[in-house]
Undergrad: 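Just dropping this structure here.
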Amino acid sequence: MVRFFRVSILSGLCSVAVGLLFSCSSSVREVDYVALQADKSIEQFSDSTFFGNVSCLIGYGDDIYVSDKKRCQIFRLDTALNLLATIGSQGHGPQELGYMAYFSIDRDTLFVGDQTKLRILRFAPDGSFLESEDPDKTLPLNYRFGVKDNHIYYESPKYIEDGNSLVDYDRGASELKNKPFGRVENFGYPIKNMQQNQRDVHLYGDRIVVVPMSIPAIEIYDRNTLELIRSVDISEVPVVWDMYQKMTSNREILENPNMAYMIFLDSYLHDDRLYIAVSIYSDDRLDHSVLLEFDLSKGGAEWVRQYDFPEWTDRICVTDDYIYGYVPRYSSIKRYPKPKTTDR
């Protein structure tokens, strides 16, 4: 069951915020607020083992794929969270993973990034091993990455000092396989620049949609030219502004060149909607998470909805009917029905 209500938000440059009321300079738009309640969850497998540390969820076809970096495996679940297949295992062999967190799916193939061996392992949805690729010895795949038409788009710290945060890796090219691109924010120190310029990458038609994990913005690039089309400031969203202020006012982080912060937990692209997860604090204590929904259909990124999780949920994916989230406190994957709306 879900409960949602709609409030009017004055979008534009805001000077004062009190609750949900803003003093702004442009037009009024409506935003839905949804309170989520789980109707299904999985905490334990049939062999009495549990999730260790879930790092990535992806909905593909009729199933949900979940990577567990502690177990170094990917689990394929149906929409009711029943286990269908286990993909990969940890080890030193050509079909095994050293350490993995993120993966991507393209044309019925799972591309799994091995962070230890800096390579890609490819699997079929039934778990069968297809091939191991050793692209360039420098492919970290530490955040969400996209695969399309023989290209892999991902964030990389390798080119930060040169002013690029992203890479287009052409798996089919004989030369110039790596093309660096993407904006870089200067945070004053080398380690901060590397850590606070990390980005999730999503593919949306002929666009690359990028979520900088420490910057309140959504970047949209042309997939053919790799040029930045626009950067959308999302600091007007109250929870984003609150988290950004909380992080940037922390003197311990700001004054220590070896400390960094992030304002976003995870992001996900489904159809023409981008979803970004943000932590919510109450009295300086971590309380729960929210999921922000942005409409990409008009060429930008318009905030249209906010989903409130009942617990702190740090990994998410979204399908037509459900939102799935990983709750670290209970080491569980939970399913939340989405409300039926008339704007889609």
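Note that the structure is predicted; figures quoted are calculated from it, not measured.
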Undergrad: Check whether D68 reaches the backbone of G52 with its side chain - one donor and one acceptor, N or O, closer than 3.5 Å.
TA: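 Yes.
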
Undergrad: Mind listing the closest non-hydrogen atom pair of V240 and P216 along with its distance?
TA: CG1-CB, 3.7 Å

Undergrad: Do any N or O atoms from the side chain of K179 and from the backbone of Y169 form a donor-acceptor pair under 3.5 angstrom?
TA: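 No: the side chain of K179 does not pair with the backbone of Y169.
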
Undergrad: Looking at D320, I'd like to know if its CG atom is crowded, meaning that more than 12 non-hydrogen atoms belonging to other residues, nucleotides or ligands lie closer than 6.0 Å.
TA: yes

Undergrad: For E255, is the CD atom crowded, meaning more than 12 foreign heavy atoms sit under 6.0 Å from it?
TA: yes

Undergrad: Has D170 got a side-chain atom pairing as donor or acceptor with K177's backbone, closer than 3.5 angstrom?
TA: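 It does not hold such a pair.
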
Undergrad: Report whether V201 and M213 are members of the same hydrophobic cluster (ILVMFWY, side-chain heavy atoms less than 4.5 Å apart, transitive linking).
TA: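 Unlinked, V201 and M213 end up in two clusters.
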
Undergrad: Could you tell me which residues satisfy ring pair (Phe, Tyr, Trp, His ring centres under 6.0 Å) with F129, sequence neighbours excluded, listed by chain and number?
TA: F123

Undergrad: Assess whether side-chain contact (heavy atoms from CB on, under 4.5 Å) is satisfied between M262 and Q196, documenting all intermediate values.
TA: CA-CA 7 Å; M262 290 198 307; Q196 293 182 188; over 6 Å; no

Undergrad: Establish, from distance only, whether the side-chain atoms of Y143 and Q198 form a donor-acceptor pair under 3.5 Å.
TA: yes

Undergrad: Are I105 and V147 close enough that some pair of their side-chain heavy atoms sits under 4.5 Å apart?
TA: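 A side-chain contact under 4.5 Å is absent here.
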
Undergrad: Hydrophobic cluster membership, with links at side-chain heavy-atom distances under 4.5 Å among I/L/V/M/F/W/Y: are L228 and V232 in one?
TA: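 Different hydrophobic clusters.
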
Undergrad: If we only count heavy atoms from C-beta on, is the Y65 to P125 side-chain gap below 4.5 Å?
TA: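 In contact.
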
Undergrad: Does L203 belong to the same Ile/Leu/Val/Met/Phe/Trp/Tyr cluster as V112, with side-chain heavy atoms less than 4.5 Å apart forming each link?
TA: no

Undergrad: Can you find a heavy atom in the side chain of C72 that is under 4.5 Å from one in the side chain of M100?
TA: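 Side chain of C72 against side chain of M100, heavy atoms only: contact under 4.5 Å found.
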
Undergrad: Provide the closest heavy-atom pair for L296 versus A301 in the form atom of the first, atom of the second, distance.
TA: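 It is CD2-CB, 3.8 Å.
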
Undergrad: Tell me whether Y330 shares a hydrophobic cluster with Y336, the cluster being built from Ile, Leu, Val, Met, Phe, Trp, Tyr side chains joined at under 4.5 Å.
TA: yes

Undergrad: Roughly how far apart are L291 CG and K338 NZ, rounded to 0.5 Å?
TA: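 With rounding to 0.5 Å, CG (L291) is 9.5 Å from NZ (K338).
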
Undergrad: Report the C-alpha distance between D62 and D78 in whole Å, list the side-chain angles of each, state the deciding distance to 0.1 Å, and finish with yes or no for side-chain contact (heavy atoms from CB on, under 4.5 Å).
TA: CA-CA 7 Å; D62 296 327; D78 65 16; over 6 Å; no

Undergrad: Looking only at atom types and distance, does a side-chain atom of N164 sit under 3.5 Å from a main-chain N or O of L166, one as donor and one as acceptor?
TA: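 A pair under 3.5 Å: no.
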
Undergrad: Nearest 0.5 Å, what's the CD1-CG distance between I87 and D126?
TA: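 Rounded to the nearest 0.5 Å, the CD1-CG separation comes out at 8.0 Å.
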
Undergrad: Please check if atom CZ in R207 has more than 12 non-hydrogen atoms from other residues, nucleotides or ligands closer than 6.0 Å.
TA: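 Yes.
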
Undergrad: Quick one: are L84 and L77 in side-chain contact, heavy atoms under 4.5 Å?
TA: no

Undergrad: Examine R144 relative to Y102 and say whether NZ or CZ is less than 6.0 Å from the centre of the six-membered ring and inside a 45° cone about the ring axis.
TA: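 Cation-pi check for R144 and Y102: fails.
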
Undergrad: Should T79 and Y324 be marked as a side-chain contact (heavy atoms from CB on, under 4.5 Å) after you check the CA-CA gap, both sets of side-chain angles, and the distance that decides it?
TA: CA-CA 9 Å; T79 57; Y324 297 86; 3.6 Å; yes

Undergrad: Ignoring hydrogens and geometry beyond distance, is a side-chain donor-acceptor pair present between Y307 and E293 at under 3.5 Å?
TA: yes

Undergrad: Please enumerate all residues that pass ring pair (Phe, Tyr, Trp, His ring centres under 6.0 Å) together with Y153, with sequence neighbours excluded.
TA: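 Only H151 meet the ring pair (Phe, Tyr, Trp, His ring centres under 6.0 Å) criterion with Y153.
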
Undergrad: Looking at every non-hydrogen atom in both residues, tell me the closest pair between K69 and S55 and how far apart they are.
TA: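 Looking at all heavy atoms of both residues, the shortest contact is CD-CB, 4.0 Å.
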
Undergrad: Run the salt bridge (charged side-chain N to carboxylate O under 4.0 Å, His left out) check on R107 and D149 step by step: do they pass?
TA: CA-CA 10 Å; R107 300 178 183 179; D149 298 335; 2.7 Å; yes

Undergrad: Does the side chain of F111 reach to within under 4.5 Å of the side chain of R171, using non-hydrogen atoms?
TA: yes

Undergrad: Under 6.0 Å between the ring centres of Y275 and F294?
TA: no

Undergrad: Do NZ/NE/NH1/NH2 and the carboxylate oxygens of D63 and R76 come within less than 4.0 Å?
TA: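 Yes, D63 and R76 are salt-bridged.
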
Undergrad: If I compare all heavy atoms of A101 with all of C56, which pair ends up nearest, and what's the gap?
TA: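 For A101 versus C56, the nearest heavy atoms are O-CB, 3.6 Å.
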
Undergrad: Checking side-chain hydrogen bond (donor to acceptor under 3.5 Å, both in side chains) for the pair Q306/D32: CA distance, chi angles, key distance, verdict?
TA: CA-CA 6 Å; Q306 176 174 313; D32 290 337; over 6 Å; no

Undergrad: Find the distance between CD (E227) and CD1 (I220) and round it off to the nearest 0.5 Å.
TA: 15.0 Å

Undergrad: Would you check if the side chain of R315 reaches a backbone N or O of L265 as a donor-acceptor pair within less than 3.5 Å?
TA: yes

Undergrad: Taking ring-ring contact (aromatic ring centres under 6.0 Å, His included) as the cut-off, I'd like each qualifying pair that reaches into residues 189-237, sequence neighbours left out, listed once.
TA: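 For residues 189-237: F181-Y221.
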
Undergrad: Looking only at side chains, do S279 and S289 share a donor and an acceptor under 3.5 Å apart?
TA: no

Undergrad: For residues N197 and S165, is any side-chain donor paired with an opposing acceptor at under 3.5 Å?
TA: no

Undergrad: Should I333 and V66 count as side-chain neighbours, where that means a heavy-atom distance under 4.5 Å?
TA: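 I333 reaches V66 side chain to side chain.
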
Undergrad: How about E311 and H288: do any of their side-chain heavy atoms sit closer than 4.5 Å?
TA: no

Undergrad: Before you tell me yes or no, could you show the steps for K192 and I253 under side-chain contact (heavy atoms from CB on, under 4.5 Å), namely the whole-Å CA-CA distance, both residues' side-chain angles and the distance that decides it to 0.1 Å?
TA: CA-CA 10 Å; K192 287 184 185 292; I253 296 176; 4.0 Å; yes

Undergrad: Going from CD1 on I208 to CG on L226, what distance comes out if it is rounded to the nearest 0.5 angstrom?
TA: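 The CG atom of L226 is 5.5 Å from CD1 of I208, to the nearest 0.5 Å.
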
Undergrad: Using every non-hydrogen atom in the two residues, find where S156 and V167 come nearest and quote the distance to one decimal.
TA: CB-CG2, 3.8 Å

Undergrad: Find the distance between NZ (K70) and OG (S331) and round it off to the nearest 0.5 Å.
TA: 8.0 Å

Undergrad: Keeping D283 on the side-chain end and R285 on the backbone end, is there a donor-acceptor pair under 3.5 Å?
TA: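 Judged by distance alone, no pair lies under 3.5 Å.
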
Undergrad: Whether the T319 and D321 side chains hold a donor-acceptor pair (N or O, under 3.5 Å, no angle test) is what I'd like checked.
TA: no

Undergrad: So does E219 pair up with R199, basic N to acidic O under 4.0 Å?
TA: yes

Undergrad: Can you find a side-chain donor-acceptor pair between S41 and E43 that sits under 3.5 Å?
TA: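 Yes, because at least one side-chain N or O of S41 sits under 3.5 Å from a partner of the opposite role on E43.
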
Undergrad: Got a donor-acceptor contact below 3.5 angstrom from the Y154 side chain to the D200 backbone?
TA: no

Undergrad: Please examine the side chains of Q90 and E96, heavy atoms only from C-beta on, and report whether any two atoms are closer than 4.5 Å.
TA: no

Undergrad: Do V211 and F187 land in one hydrophobic cluster if side-chain heavy atoms of ILVMFWY residues count as linked below 4.5 Å?
TA: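 Shared cluster, yes.
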
Undergrad: What I want to find out is whether K246 reaches D284 closely enough, with some N-O distance under 4.0 Å, to be called a salt bridge.
TA: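 D284 and K246: salt-bridged.
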
Undergrad: To the nearest 0.5 angstrom, please state how far the CZ atom of R305 sits from the CZ atom of R273.
TA: 6.0 Å

Undergrad: Can you tell me if S249 uses its side chain to pair, donor with acceptor, with the backbone of Q245 under 3.5 Å?
TA: yes

Undergrad: Considering non-hydrogen atoms only, spot the tightest contact between D39 and P337 and give its length.
TA: OD2-CG, 3.5 Å

